[in-house]
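Each chain gets a letter, A, B and so on, in the order the sequences are listed, and its residues count up from 1.
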Number of protein chains: 2
Amino acid sequence: MKEGPDIAQIGSLMGDPARANMLTALMGGRALTATELAAAAGVTLQTASSHLAKLEAGGLLTQRKQGRHRYFALADDGVGKLLEGIMGFAASRGHLRHRPGPKEPALRKARICYDHLAGDFGVRMLDSLIEGGSISAMGEGLSLTAQGETHLGSIGIDVSGLRSSRRPLCRSCLDWSERRAHLAGSLGKALLSNFLDKGWARRTENSRSIFFTPEGERRFLALFPIEASDLS
Amino acid sequence: MKEGPDIAQIGSLMGDPARANMLTALMGGRALTATELAAAAGVTLQTASSHLAKLEAGGLLTQRKQGRHRYFALADDGVGKLLEGIMGFAASRGHLRHRPGPKEPALRKARICYDHLAGDFGVRMLDSLIEGGSISAMGEGLSLTAQGETHLGSIGIDVSGLRSSRRPLCRSCLDWSERRAHLAGSLGKALLSNFLDKGWARRTENSRSIFFTPEGERRFLALFPIEASDLS
DNA sequence: TTCATACTTCGATCGTAACCGAAGCATCTC
DNA sequence: GAGATGCTTCGGTTACGATCGAAGTATGAA
């Protein structure tokens with residue numbers, strides 16, 4: 001009866017609304033200070049501090065001191081993957097915090113999922129890469145083709161450099177808003193960075209949504225075309 | 001701030017030890033009555049009833065009335081997948097309920113993971129199928145080869161029948177005890193059923209562990225050989 | 001040094017939810 | 001029908017943990 005890993009510990013860590021809000025905020029990928037996280041969770045600084053200590057002790061967060069600030073971030077991309085998995089599940093059961101605020105549509109269109117692009121744009125990008133033969137899909141697995149390596153190289157992605165990292169190049173990640181897969185892994189991260197570097201898009205403050213400039217959106221859509229017969 | 005799916009709801013559902021024990025018990029794959037689950041969780045029947053109602057309302061469980069019994073089971077394999085994901089994560093962070101009881105080694109050797117084989121034997125089986133060319137792996141994706149279809153057909157697995165189901169044939173599932181992948185999906189389920197039908201192994205009462213008979217174990221190991229140069 | 005900012009620790013309050021006893025339904029057996 | 005079993009609902013207790021005020025520590029600025 002006392003066998004196996006303990007679900008309850010991490011469950012209760014994520015089960016508190018304040019902590020869940022903090023984790024969701026950190027899914028934005030960048031490290032945040034205790035004060036910022038307190039604001040995101042809607043609690044005072046003392047309370048936030050206590051929550052953050054628990055999350056860190058639980059192995060979900062890491063802390064980095066920098067001057068008089070303490071920056072917190074998700075411990076690794078395993079945490080991000082887990083959170084996205086739970087979000088997808090929660091969405092599938094209708095557990096939405098659905099006061100469909102003004103930022104909601106922007107979030108569905110394009111947002112950051114830990115370190116890569118998600119939402120409508122993220123799903124479209126992967127679909128287009130598969131249709132164009134740059135990525136081949138097998139079950140839940142994705143792999144970059146030789147053609148894809150050339151293609152992405154021409155955009156400015158150094159694939160061979162990514163290959164040397166310990167992290168998988170391509171991973172599929174279930175998108176909670178679209179209920180379909182988008183591209184994660186080091187390649188997904190590199191692509192998003194590429195768009196941000198080129199100025200096609202930028203992050204927004206205090207939200208996980210990604211804002212595409214009109215020009216950036218035009219170029220993105222041109223770069224990742226999809227079949228007209230899209231039924232969604 | 002109030003954007004996206006609500007992690008906290010399902011987090012708190014799994015965060016209570018009694019409920020976590022119930023869910024873990026149901027990972028055994030078979031439906032259990034309220035009384036059995038109360039015993040598994042170590043609470044009285046009234047308390048269990050309340051927990052079960054919450055889990056059902058949260059979409060994690062389904063209920064089936066049969067006579068004066070009520071059988072509860074995981075709502076679908078999405079729940080199983082989620083739970084296994086969390087177990088793997090919890091194990092990776094050392095969140096074990098580790099009073100390494102007498103049943104622990106048996107659980108690591110062979111256990112049921114919702115509906116398929118996990119543990120050392122589960123990992124070995126997948127490794128062997130990949131080595132033998134029956135399954136090809138690409139990233140996290142798995143697919144059955146033509147050779148594999150013939151091979152498994154000779155054991156008595158009707159692959160074409162499985163293909164017609166809506167559920168994916170092959171899926172990789174991260175094993176929390178071995179920290180490597182084992183085979184899930186409808187094929188994983190069919191293989192386990194096959195072993196049970198042949199009498200090679202049987203389920204144990206009140207535990208997720210799978211007991212192999214000496215003869216069954218011999219045949220299993222012969223059927224799924226692995227390279228001698230196994231470093232584990 | 002003095003003051004301000006960032007954060008943690010302590011202590012006390014308070015609400016919620018887990019828990020069980022007892023009573024109430026439902027279903028099966030005889 | 002009467003009695004047993006399986007489970008739910010109700011009511012009241014209890015304990016845990018989330019919360020914040022206040023005080024304490026660390027870092028930086030003046």
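Using modelled atom types and a 3.5 Å distance limit, the side chains of Ser177(B) and Arg111(B) yield a donor-acceptor pair. No donor-acceptor contact under 3.5 angstrom links the side chains of Ser186(A) and Ser165(A), judged on distance only. A donor-acceptor contact under 3.5 angstrom links the side chains of Thr44(B) and Gln46(B), judged on distance only.
In this entry the distance linking CG of Leu55(A) with C1' of dA18(D) reads 13 Å, nearest Å. Distance CD (Gln66(A)) to C1' (dC7(C)): 15 Å, rounded to an integer number of Å. Gln63(A) has its CD atom 10 Å from the C1' atom of dC7(C), to the nearest Å. Between the P atom of dT19(D) and the CE atom of Met22(A) lies a distance of 9 Å, rounded to the nearest Å. With rounding to whole Å, Arg70(B) atom CZ is found 19 Å from dT5(D) atom P. Between the OH atom of Tyr71(B) and the P atom of dT8(D) there is a distance of 14 Å, given to the nearest Å. Separating the CG atom of Leu52(A) from the P atom of dA18(D) is a distance of 13 Å, rounded to the nearest angstrom. Here dT9(C) presents its P atom at 11 Å from CD of Glu56(A), a figure rounded to the nearest Å.
Dashed line: the shortest gap from a side-chain N or O of His69(B) to OP1 or OP2 of dA26(C) is not under 4.0 Å. Residue Ser49(B) places no side-chain N or O under 4.0 Å from the OP1 or OP2 atom of dC7(D). Within the 4.0 Å cut-off from OP1 or OP2 of dA6(C), not a single side-chain nitrogen or oxygen of Lys65(A) is found. Under 4.0 angstrom from either OP1 or OP2 of dA18(C) there lies at least one side-chain N or O belonging to Arg19(B). Between Thr44(A) and dT19(D) there is no side-chain N or O to OP1 or OP2 distance below 4.0 Å. In terms of phosphate contacts, Lys54(B) brings a side-chain nitrogen or oxygen within less than 4.0 Å of OP1 or OP2 of dA18(C).
Closest to the side chain of Ala34(B), out of dT8(D), dT8(C), dC19(C), is dT8(D). Here the side chain of Gln46(B) is nearest to one of dC7(D), dG28(D), dC20(C), namely dC20(C). Between dT19(D), dT8(C), dC7(D), one nucleotide has an atom nearer to the side chain of His51(A) than all others, and that is dT19(D). Counting only heavy atoms from C-beta on, Asp16(A) has its side chain closest to dA18(D) among dC20(D), dC19(C), dA18(D).
Between Leu45(A) and Thr35(A), the closest side-chain pair of non-hydrogen atoms falls below 4.5 Å.
If you check every strand for non-hydrogen atoms under 4.0 Å, Ser50(B) touches nothing. When heavy atoms are screened at a 4.0 angstrom cut-off, Ala18(A) is found touching the sugar-phosphate backbone but no base atom.
Residues Arg68(A) and Leu45(A) both approach DNA chain D. Their nearest nucleotides, taken by heavy-atom distance, put Leu45(A) toward the 5′ side. The 5' end of DNA chain D is approached more closely, in terms of each residue's nearest nucleotide, by Thr47(A) than by the other of Gly67(A) and Thr47(A).
A salt bridge between Arg218(A) and Glu215(A) is present, with a side-chain N of the basic residue lying under 4.0 Å from a carboxylate O of the acidic one.
Nearest heavy-atom pair across Leu26(B) and Ala73(B) is CD2-CA, 4.1 Å.
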